[in-house]
Amino acid sequence: ATGLTVAATALVGAQAVAGGRLSGVAMAVVVLTPLAAFEAVLGLPLAVQYRQRVRRSAERVYEVLDAPDPVREPEVPQPVPASPFPLRVQGLRARHAGQDRDALAGLDLTIEQGRRVAVVGPSGSGKTTLAQVLLRFLDAEAGTYTLGGTNAYGMDGDDVRRLVGLCAQDAHLFDSTVRENLLLARKNATEAELRGALARARLLEWADGLPDGLDTLIGEHGARLSGGQRQRLALARALLADFPVLVLDEPAEHLDLPTADALTADLLAATEGRTTLLITHRLAGLAAVDEVIVLAAGRVAQRGAYAELSVAEGPLREMLEREAAGDLLAGAAAR
């Protein structure tokens with residue numbers, strides 16, 4: 001529109017100058033006037049584009065705001081127990097919204113202080129659902145969940161998550177320094193405490209080799225780190241937070257087999273003496289835990305000490321055989 005208006009103005013102006021009705025200087029002003037006039041509305045096309053983007057963003061925000069609350073918070077929360085032990089669930093049944101079957105059905109679990117329990121099973125067996133229930137990210141349909149004898153559903157969700165902490169497979173790392181990402185767990189942590197957490201996660205030597213040490217930027221979502229380093233940094237942060245109960249949800253997911261097994265071994269070493277629930281699909285190193293629970297279709301298919309289950313006929317032995325065969329194939333493919 002601007003170009004056509006300027007061309008039309010120039011044509012009419014040229015005729016006026018030729019007829020003696022307009023001077024050359026005045027014609028220049030007349031031709032430039034549409035440019036100045038249209039400058040006021042040049043931003044309208046871009047504004048229309050941004051309006052569409054804002055509308056779509058608003059739809060996503062309203063979708064979240066209008067969604068039903070995933071958990072029910074008590075009107076008058078119960079006081080936090082002095083100790084969360086024992087952590088006990090009985091007859092636990094849980095189902096995700098929109099699903100036609102229970103993700104967990106009749107699960108019983110007791111975790112005493114200092115014990116480490118591994119929960120294994122195929123995808124869809126209910127492992128991550130258990131973590132969501134323990135963290136109060138999902139309400140159970142039936143059954144009880146107590147911390148130190150106190151009903152966890154009667155407690156404020158944030159209070160539960162101060163007692164039961166999570167190190168997830170997709171733990172978020174911020175576009176900041178190693179130090180700042182660790183301080184999210186405990187803002188007043190000392191240098192020695194930060195270095196101690198990194199040492200337990202087998203990251204201290206790596207951190208000391210960075211250009212700026214703990215003040216090195218790691219990029220958005222930890223883009224400058226490898227997958228194993230991201231998981232180890234998330235573990236160091238969880239260890240620094242010092243949760244009474246630590247839930248590790250598939251920490252070795254999306255890693256190659258050697259890295260996954262090395263990370264699992266280091267996780268078990270770092271959590272020695274710490275109350276831990278390890279949710280994993282890898283079985284390497286599980287001899288170090290106190291109890292192994294095998295889930296299948298939301299139910300406990302097998303439970304007991306790893307040494308006993310690994311030699312007895314049952315789901316765990318079958319998983320071990322499949323994992324060994326898969327490792328052989330992966331090794332052959334790598335060669």
Side-chain angles (χ1 to χ4, degrees), residues 1-14 16 22 25-73 96-99 123 128-129 131-132 135-139 156-158 161 165-187 210-212 214-234 236-238 241 249-251 253-255:
T2 303
L4 289 174
T5 303
V6 170
T9 305
L11 178 61
V12 173
L22 194 66
V25 175
M27 176 186 170
V29 174
V30 169
V31 171
L32 292 176
T33 298
L35 292 175
F38 275 98
E39 189 174 353
V41 295
L42 284 178
L44 286 179
L46 189 60
V48 172
Q49 295 179 27
Y50 278 116
R51 181 181 180 278
Q52 298 299 322
R53 295 180 187 175
V54 170
R55 183 179 60 81
R56 289 192 293 269
S57 298
E59 289 174 354
R60 292 193 296 269
V61 171
Y62 286 129
E63 183 179 349
V64 173
L65 294 176
D66 295 338
D69 293 334
V71 294
R72 299 178 297 275
E73 294 289 354
H96 294 279
Q99 298 297 311
S123 298
T128 297
T129 301
Q132 292 173 339
L135 271 293
R136 290 292 320 279
F137 292 150
L138 177 68
D139 277 339
D156 184 83
D158 288 338
R161 286 182 285 274
L166 175 68
C167 181
Q169 58 178 285
D170 55 352
H172 187 80
L173 297 178
F174 291 88
D175 187 8
S176 186
T177 64
V178 174
R179 183 188 307 277
E180 291 297 330
N181 272 278
L182 289 174
L183 289 175
L184 288 170
R186 198 194 313 168
K187 63 181 179 181
L210 293 174
D212 298 314
L214 269 62
D215 295 312
T216 301
L217 293 171
I218 64 172
E220 187 174 1
H221 301 294
R224 299 178 184 176
L225 310 183
S226 68
Q229 290 167 344
R230 284 195 293 271
Q231 286 299 103
R232 290 176 188 274
L233 184 56
R237 187 167 62 190
D249 184 13
E250 295 285 9
E253 186 76 359
H254 309 308
L255 300 178

Got a donor-acceptor contact below 3.5 angstrom from the Asp139 side chain to the Arg72 backbone?
yes
Interatomic distance, Thr128 atom OG1 to Leu138 atom CG [nearest 0.5 angstrom]:
11.5 Å
Rounded distance [0.5 Å steps], CD1 in Ile218 versus CZ in Arg224
9.5 Å
Spacing of OG belonging to Ser176 relative to CG belonging to Leu184, to within rounding of 0.5 Å
8.0 Å
Under 3.5 Å, side chain of Gln169 to main-chain N/O of Glu250, donor-acceptor pair present?
no
Taking all heavy atoms of Cys167 and all of Ala238, pick out the closest pair and write down the distance.
CB-CB, 4.0 Å
Heavy-atom closest pair (Pro45 atom, Val41 atom, distance to 0.1 Å) is CD-O, 3.9 Å
Can you measure from CG (Leu44) to CD (Gln49) and round to the nearest 0.5 angstrom?
11.5 Å
Looking only at heavy atoms, the pair that brings Arg161 and Leu135 closest together is NH1-O, 2.9 Å
Going through the checks in order, is the side chain to side chain donor-acceptor pair (under 3.5 Å) test met by Arg232 and Gln229?
CA-CA 5 Å; Arg232 290 176 188 274; Gln229 290 167 344; over 6 Å; no
Enclosure of Glu39 CD (heavy-atom neighbours >12, cutoff 6.0 Å)
no
May I ask you to check whether over 12 heavy atoms, not counting those of Arg55, lie within 6.0 Å of atom CZ?
yes
Testing the basics here: between Gln231 and Ala168, what is the closest heavy-atom pair and its distance to 0.1 Å?
NE2-O, 3.8 Å
How far apart are the closest heavy atoms of Val6 and Pro34, and which atoms are they?
CG2-CB, 4.1 Å
Are the side chain of Arg230 and the backbone of Leu225 linked by a donor-acceptor contact shorter than 3.5 Å?
yes
Identified side-chain contact (heavy atoms from CB on, under 4.5 Å) partner of Met27 from the options Val25, Val29, Val31:
Val31
Rounded to the nearest 0.5 Å, what separates atom CG in Leu217 from atom CG in Asp212?
7.5 Å
Check this for me: Gln52, atom CD, are more than 12 non-hydrogen atoms of other residues, nucleotides or ligands nearer than 6.0 Å?
yes
What is the distance from atom CG of Leu182 to atom CG of Leu233, rounded to the nearest 0.5 Å?
5.5 Å
Considering all heavy atoms, the nearest Leu22-Ala26 contact:
CD1-CB, 3.6 Å
CZ/Phe38: more than 12 non-hydrogen atoms of other groups inside 6.0 Å
yes
